[in-house]
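Just below is one structure, and these are the notes that go with it.
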Amino acid sequence: MALSEQELLAKVPTGLYIGGKWVAGSGAPIRVEDPATGKVLHEISNATAEDGLAALTAADDAQAAWAKVAPRERGELLRRTFELVRERSEEFATLISLEMGKPIAEARGEVAYGNEFLRWFSEEAVRISGRFGTSPEGTGRMLVAQRPVGPAFAITPWNFPLAMATRKIGPAIAAGCTMVVKPAELTPLTTLLLVQTMEEAGLPAGVVNVITTSTSAATSGPIIADTRLRKITFTGSTQVGRKLLEQSAQRILRTSMELGGNAPFLVFEDADLEAAVNGAMLAKMRNIGQACTAANRFIVHESVADAFAAKLGERMGALKLGRGVDADTTCGPVINEKARENMQRLVDATLAEGADLVVGGESGSGDGYFFKPTVLANVKPGSTILSEEIFGPIAPIVRFKTEEEAVRLANDTEYGLVSYAFTEDLKRGMRLIDSLDTGMTGLNTGLVSNAAAPFGGVKASGLGREGGLEGINEYLETKYVMIPDPSL
Ligand code: NAD
């Protein structure tokens, strides 16, 4: 039988998870809010710098033994967790929707997507391989092995509370690394439920430790500065990523950085317009526009720009704002009041810079942080909104005349995470693969994320890849061994 919201919340642990035990944090409790009502959902522990270092000690103590555990066994821990999360997917989806605000259908999608990283890396654990060969001089053997990097520190954002955690926990566990995980203070509950589930699946003490904190910088700093830490893996804003890279530079730490985006969404004159609008809804409105992969700039050929704006406006205007857990909601709130104020600032600035409002443009009613899905047409190149990560339900449309101009506009950003392009011309599609300067491209689709694919960006969008064959390499070091061999 399905749990009520209260029963589900009562099930979520409130402590820090350190060395296989749930312990109380030393700071004042953190109150986790429902962004659709502004009401407190749950109170959880707050880690101080001392608690953070205790978590690192637990991870470091467990590292040597965990690296020796057979790859098959590491994989099976992930597989068992995958099965448990699948059985409880409705609980995970409801919790994600409650703390983050996304519609329940999308939260179910996140559970399926996020859980897939556990299955994918359960299969990758046994495929870590090396090389063995003869030196060019013929005097010795050369052996190349892959070893776990060592204790890792994972910092995750609030927008995909499950998927951002599994994308890091999956490969780290598979590679033989122990870790400290610090979820975002706005949506920490899903990570706590996940680790409780891993515990049930047989997680050995100290292999994954979780600290929730309202003092991210003060609690993370000493962990990063500690010589026992060997790796930092971060998903979040470029601004915070830069700070963490500066701190990591002092230690020459291995880093993986999944940072902000400013995705261009190109619609050419030969595009299938219906498919482009469907793709736009997915790429813009997934997570209420609060995704690093969110289409941030619609760059549309002048011959179809008006029709595209009208169709997109119709679809955006028809979305129903509400609490994510209510079945008829198709658009939830943005994460907090600051985010909502930022939406209004961006709309007002873009209109003042000469754009036309097609639909939306203002806050929704109710106590939560609602902002109406918004389409802005005829946005002038150079407008403020085009250079910032919007992170909300606003679609600005810019017009272009030639493919060259479209590509120039698309690449005119410090970011380079993902781009989308809609065209029925195969040759143009092939040219765009090369000319769009992003780590990922969706060609005639608004969705690229897949556990089997290398997710990541270029330029200020980050370093490294998560998922795919590449994902596990972020947690492995190459070790080369020379063995003189007189028998050769
Ligand atoms: P954020 O950078 O504000 O916070 C991310 C995490 O870092 C949180 O856990 C936060 O508590 C922590 N943090 C903040 N300051 C810190 C500091 N000084 N030291 C240590 N930790 C610190 O980002 P957010 O608002 O949670 O998430 C939104 C951002 O994340 C957007 O920019 C989005 O594009 C990006 N994002 C990127 C990807 C990707 O894969 N590239 C995926 C999701 C989100």
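First listed ligand is number 1; within each ligand, the first listed atom is number 1.
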Among all protein non-hydrogen atoms, which one is nearest to [atom], and what is the separation to 0.1 Å?
atom                    : answer
atom 41 (N) of ligand 1 : Leu259 O, 2.8 Å
atom 22 (C) of ligand 1 : Ser216 CB, 3.5 Å
atom 42 (C) of ligand 1 : Cys292 SG, 2.9 Å
atom 3 (O) of ligand 1  : Ser237 OG, 4.0 Å
atom 32 (O) of ligand 1 : Glu389 OE1, 2.7 Å
atom 26 (O) of ligand 1 : Trp158 CD1, 2.9 Å
atom 18 (N) of ligand 1 : Ala217 CB, 3.5 Å
atom 16 (C) of ligand 1 : Val240 CG1, 3.5 Å

Under a 4.0 Å heavy-atom limit, does Met164 contact ligand 1 with its side chain, its backbone, both, or neither? side chain
Nearest 0.5 Å, what's the OG1-CG distance between Thr212 and Leu189?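 The distance works out to 9.0 Å.
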Is it true that Thr438 and Ser419 share a donor-acceptor pair across their side chains at a distance under 3.5 Å? yes
Would you say atom 30 (O) of ligand 1 touches the protein, meaning some protein heavy atom is under 4.0 Å from it? yes
Whether the side chain of [X] engages the backbone of [Y] through a donor-acceptor N/O pair (distance < 3.5 Å, no angle test) should be reported.
X      : Y      : answer
Arg251 : Asp226 : yes
Asn262 : Asn296 : no
Asn115 : Ala112 : no
Glu110 : Leu162 : yes
Thr219 : Ala47  : yes

Check: Phe265 ring centre within less than 6.0 Å of Phe422 ring centre: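 When the ring centroids of Phe265 and Phe422 are compared, they turn out to be within the sub-6.0 Å range.
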Could you list which atoms of ligand 1 come closer than 4.0 Å to a heavy atom of [X]?
X      : result
Phe391 : 28 (C), 31 (C), 33 (C), 34 (O)
Phe455 : 39 (C), 40 (O)
Phe234 : 2 (O), 5 (C), 6 (C), 7 (O)
Ser220 : 20 (C), 21 (N)
Ile155 : 6 (C), 7 (O), 9 (O), 12 (C), 20 (C), 21 (N)
Glu185 : 10 (C), 11 (O)
Leu244 : 19 (N), 20 (C)
Asn159 : 43 (C), 44 (C)

Examine Lys231 relative to Tyr475 and say whether NZ or CZ is less than 6.0 Å from the centre of the six-membered ring and inside a 45° cone about the ring axis.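 Yes; both conditions hold, so Lys231 lies above the ring face of Tyr475.
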Taking the six-membered ring of Phe153, is the NZ or CZ of Arg254 close enough (under 6.0 Å from the centre) and on axis enough (within 45°)?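 No.
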Is it the case that ligand 1 has an N or O less than 3.5 angstrom from some N or O of [X]?
X      : answer
Thr238 : no
Thr156 : yes
Thr235 : no

Is it true that [X] lies under 4.0 Å from ligand 1, counting heavy atoms only?
X      : value
Arg167 : yes
Phe160 : no
Ile224 : no

Parallel, tilted or perpendicular, as decided by the 30° and 60° cut-offs, for the rings of Phe391 and Trp158: perpendicular
Taking only Lys NZ, Arg NE, NH1 and NH2, and the carboxylate oxygens of Asp or Glu, determine whether Arg345 and Glu388 approach each other closer than 4.0 Å. yes
Any Tyr17 side-chain heavy atom under 4.5 Å of Leu203 side chain: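 Yes, their side chains come closer than 4.5 Å.
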Is the number of heavy atoms from other residues, nucleotides or ligands under 6.0 Å of Arg465 CZ greater than 12?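 Count over threshold, so yes.
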